[in-house]
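Lettering follows sequence order; numbering is per chain, from 1.
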Number of protein chains: 2
Amino acid sequence: MDARISFADRLKTMQGDQPLDACPVRQVMQGIFGKWSTLLLQALGERPYRFGELRRLVPDISQRMLTQTLRDLERDGYVYRKVLPSKPPRVEYGLTALGASMLGPLTDLVVWASDNFAAVDAARRRFDADEAAGASGSG
Amino acid sequence: MDARISFADRLKTMQGDQPLDACPVRQVMQGIFGKWSTLLLQALGERPYRFGELRRLVPDISQRMLTQTLRDLERDGYVYRKVLPSKPPRVEYGLTALGASMLGPLTDLVVWASDNFAAVDAARRRFDADEAAGASGSG
DNA sequence: CGGAATCCGAAAGGATACTG
DNA sequence: CAGTATCCTTTCGGATTCCG
């Protein structure tokens with residue numbers, strides 16, 4: 001697919017029959033961009049993990065959000081959930097083929113963020129400093 | 001940079017001195033993944049737009065969120081804001097070099113979403129159907 | 001034309017307690 | 001171990017009103 005066709009044209013096409021809110025691309029993006037989705041997808045990109053392993057790997061996630069995020073990812077088809085029939089119940093989560101194919105582009109973006117967060121942080125500080133100066137400069 | 005180094009290792013490194021919550025990558029990602037950020041970045045990737053043009057281009061955004069999202073994008077250094085000194089004030093928004101460099105990976109992800117939303121949608125319906133069946137199956 | 005300020009409802013997300 | 005259910009706080013985002 002051509003990645004560089006006119007975005008505005010695509011936008012207009014989408015508005016033709018749907019309220020822009022129903023834009024399928026946005027629906028998909030929203031599923032990927034939750035607070036924890038990206039993190040968990042990256043983790044599962046390495047190897048399958050069990051529920052408790054993920055908790056320990058990402059210590060500041062609440063068990064509520066871990067459950068919910070994994071469910072959402074499973075619902076969207078990125079993640080499978082396999083219940084191992086052992087005495088203490090074990091549940092393994094891993095990427096599906098769909099999830100693996102999405103992880104490529106997602107990781108590229110994560111890598112960009114990793115490479116450029118210093119520039120972003122600098123921009124933020126500049127912006128905040130300018131704002132503060134403008135707000136109190138004449139006081 | 002090596003895009004495929006161990007994510008778990010990187011995670012552990014980050015936890016070493018920071019609360020994971022302060023992870024810079026996450027900070028950056030959160031800025032990109034707002035409800036409107038991706039959409040506006042794509043639009044500005046075509047050419048600079050004025051405030052009112054963006055409103056018409058994305059009709060279902062409120063003026064409040066358009067202002068706020070543009071401000072956030074400007075703060076992060078992705079977008080510049082140029083006030084034209086004309087009689088009715090005109091303000092032009094466009095991508096900075098940083099924003100343009102980020103748009104590449106972001107667009108790749110949008111393209112993925114565009115190519116695969118049917119699969120995601122199918123997965124969702126399957127999941128929901130299974131859930132409904134499981135919930136009412138045994139009476 | 002491009003905003004800022006305020007108000008309010010909806011949704012995301014965390015803490016805690018309980019279950020199989 | 002792997003959840004579910006409830007409560008509560010915070011954030012997101014829309015509608016409206018006012019300003020340079």
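Rounded to 10 degrees, the angle separating the terminal axes of the helix from C:dC1-D:dG20 to C:dG20-D:dC1 is 40°, with each axis obtained from five end pairs.
B:Arg55 meets the side-chain hydrogen bond (donor to acceptor under 3.5 Å, both in side chains) test with no other residue; sequence neighbours excluded. When the side-chain contact (heavy atoms from CB on, under 4.5 Å) test is applied to A:Gln30, the partners found at least two apart in sequence or on another chain are A:Arg26, B:Lys35. For A:Tyr93, there are no ring pair (Phe, Tyr, Trp, His ring centres under 6.0 Å) partners, not counting sequence neighbours. Looking at residues two or more places apart in sequence or on another chain, you find a side-chain hydrogen bond (donor to acceptor under 3.5 Å, both in side chains) between B:Ser101 and A:Trp112. Evaluation of the side-chain hydrogen bond (donor to acceptor under 3.5 Å, both in side chains) rule for B:Arg126 yields no partner, not counting sequence neighbours. Remark: B:Thr67 pairs with no residue by the side-chain hydrogen bond (donor to acceptor under 3.5 Å, both in side chains) rule, at least two apart or across chains.
At whole-Å resolution of the value, CD1 in B:Ile61 and P in D:dA15 are 12 Å apart. Here D:dG3 presents its C1' atom at 17 Å from CD of A:Glu92, a figure rounded to the nearest Å. Look at CG on A:Leu66: it is 10 Å from P on D:dA2, rounded to the nearest Å.
For residues 76-98 of chain A, the salt bridge (Lys or Arg N to Asp or Glu O under 4.0 Å) pairs, not counting sequence neighbours, are A:Asp76-B:Arg124.
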>> Walk along nucleotides 1-13 of chain C from 5' to 3' and tag each nucleotide B, S or - by protein heavy-atom contact under 4.0 Å, base first, then sugar-phosphate.
In response: BSBB-BB-----B
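The line from OG1 of B:Thr38 to CG of B:Leu109 is 8.0 Å long, rounded to the nearest 0.5 Å.
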